[in-house]
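This report refers to the structure that appears directly beneath it.
Since the structure is predicted, the reported quantities are computational estimates derived from the model, not experimental observations. Along the sequence shown, the residues carry numbers beginning at 1.
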Amino acid sequence: MTNHQASAVPGEISEEAVPVNRYASAPAWRAVDNYFTAALVDEDVALVEARESGARTTMPNAEVAANQGALLALLAQIGGARRVLEFGTLAGYSTVWFARAVGDSGRVVTFELEEQNAAVARANLAQAGVGDRVDVIVGPAATSAQALIDEGVEPFDLVFIDADKPSNPIYLAAALELTGPGAVIVIDNVVRDGAVADENSDDPRVQGVRAVVDAIASHPELDATALQTVGERAGTADPRSSQVGGRYPCGSPTR
């Protein structure tokens, strides 16, 4: 299954068949991503199989790129994260990265709407040897998050939001309830192939992104930035996508 995307800059990206859930990207961008990934990213057989198994989910080709999975793991390690919450599991590719980053004593909780995807993810987690440190919770993420809030679970150190974009503001609000001072929140896929700059867009995904950016910008306890990325995973982590890192500043936040 493919769709066709043409370059907005004539001569920069030729029209080509692009896998579903991706956008076209320049060959030079993909070459650079491939070079850095080959040189720096240790993607073993379990990770490769998890990435490729995305084809068996309800949203093929939507997993983060290998170098971005490594970045997420590094963020967890730099922050000393032992508890990670993920909105959006799919095949569990980024989940494997997180589970390895938190170590044997860590915990990852990941929300997935579809049982079909959860089954693929559980198999991948077991294959990677980290199934015992991950809880895959099936159901609407907002409902699952509220259940954790009501339960009063131990705060999470890092939250990764990569699910349906219209619900981003809801997921951010839940993440704030489930974290404490010093926590890191990463939101993926926010540029939308440049459409995020259009305040009049009628795309609910764009409006969901703009709403969560506004929520971050206006929140007194959050420091944040956004990075526009380009590269090998066109349509999931490059020309339309980026990561917004929102975190509590050090110190006690005012609730």
Side-chain angles (χ1 to χ4, degrees), residues 1 3-9 13 18-25 54 57-65 68 72 85-90 94 110-114 117 139-146 148-149 156 158-179 183-231 233-248:
M1 214 178 148
N3 54 35
H4 293 268
Q5 301 290 338
S7 171
V9 181
I13 307 173
V18 180
V20 66
N21 297 319
R22 300 188 196 173
Y23 284 74
S25 64
T57 69
T58 59
M59 194 174 181
N61 309 307
E63 70 281 346
V64 301
Q68 293 173 332
L72 292 171
L85 177 62
E86 181 180 54
F87 287 76
T89 313
L90 282 180
S94 54
T110 181
F111 298 145
E112 173 51 50
L113 179 62
E114 304 289 346
N117 302 337
T143 302
S144 299
Q146 187 59 53
L148 294 185
I149 294 169
F156 291 92
L158 187 151
V159 179
F160 181 45
I161 300 174
D162 188 14
D164 59 302
K165 308 314 165 193
S167 298
N168 272 352
I170 296 172
Y171 299 154
L172 174 65
L176 293 174
E177 292 286 335
L178 291 164
T179 55
V184 176
I185 300 171
V186 180
I187 305 176
D188 199 20
N189 285 15
V190 301
V191 174
R192 315 303 310 175
D193 202 27
V196 70
D198 180 8
E199 64 179 324
N200 297 315
S201 172
D202 59 3
D203 187 335
R205 297 168 300 178
V206 171
Q207 291 304 326
V209 169
R210 291 181 63 91
V212 81
V213 170
D214 289 345
I216 292 169
S218 64
H219 200 292
E221 298 170 359
L222 291 175
D223 294 331
T225 190
L227 300 176
Q228 182 173 211
T229 59
V230 299
R233 300 300 290 177
T236 59
D238 27 85
R240 69 165 184 170
S241 309
S242 75
Q243 295 171 340
V244 174
R247 65 173 179 83
Y248 285 111

Inset, instruction - Provide the full list of salt bridge (charged side-chain N to carboxylate O under 4.0 Å, His left out) pairs with a residue in residues 194-203, sequence neighbours left out, each pair given once. - result: Asp203-Arg205

Residues that [X] engages under side chain to side chain contact (heavy atoms under 4.5 Å, CB included), provided they are two or more places apart:
X      : value
Ala174 : Phe87, Ala145, Ile149
Ala173 : none
Leu113 : Pro140

Legend entry - Sidechain-backbone polar pair: Glu63 side chain, Ser94 backbone, donor-acceptor under 3.5 Å: no

Can you sort out the partners of [X] under side-chain hydrogen bond (donor to acceptor under 3.5 Å, both in side chains), two or more places apart, ordered by chain and number?
X      : result
Thr110 : Glu86, Thr89
Thr58  : Asn117
Glu114 : none

Quick one: side chains of residues 163-170, donor-acceptor pairs under 3.5 Å with protein atoms, not counting sequence neighbours, listed by atom name and distance.
{"unit_1": "Asp164", "atom_1": "OD1", "unit_2": "Tyr171", "atom_2": "OH", "d": "2.4"}
{"unit_1": "Asp164", "atom_1": "OD2", "unit_2": "Ser167", "atom_2": "OG", "d": "2.5"}
{"unit_1": "Lys165", "atom_1": "NZ", "unit_2": "Asp162", "atom_2": "OD1", "d": "3.1"}
{"unit_1": "Lys165", "atom_1": "NZ", "unit_2": "Ala163", "atom_2": "O", "d": "2.9"}
{"unit_1": "Lys165", "atom_1": "NZ", "unit_2": "Asp188", "atom_2": "O", "d": "3.4"}

What are the two closest heavy atoms between [X] and [Y], and how far apart are they?
X      : Y      : answer
Glu112 : Leu90  : OE1-N, 2.8 Å
Ile185 : Ala175 : CD1-CB, 4.0 Å
Phe156 : Val159 : CB-CG2, 4.4 Å
Ile216 : Ile187 : CD1-CD1, 3.9 Å

Inset, instruction - Report yes if some heavy atom in the side chain of His219 is under 4.5 Å from a heavy atom in the side chain of Leu172; otherwise report no. - result: no

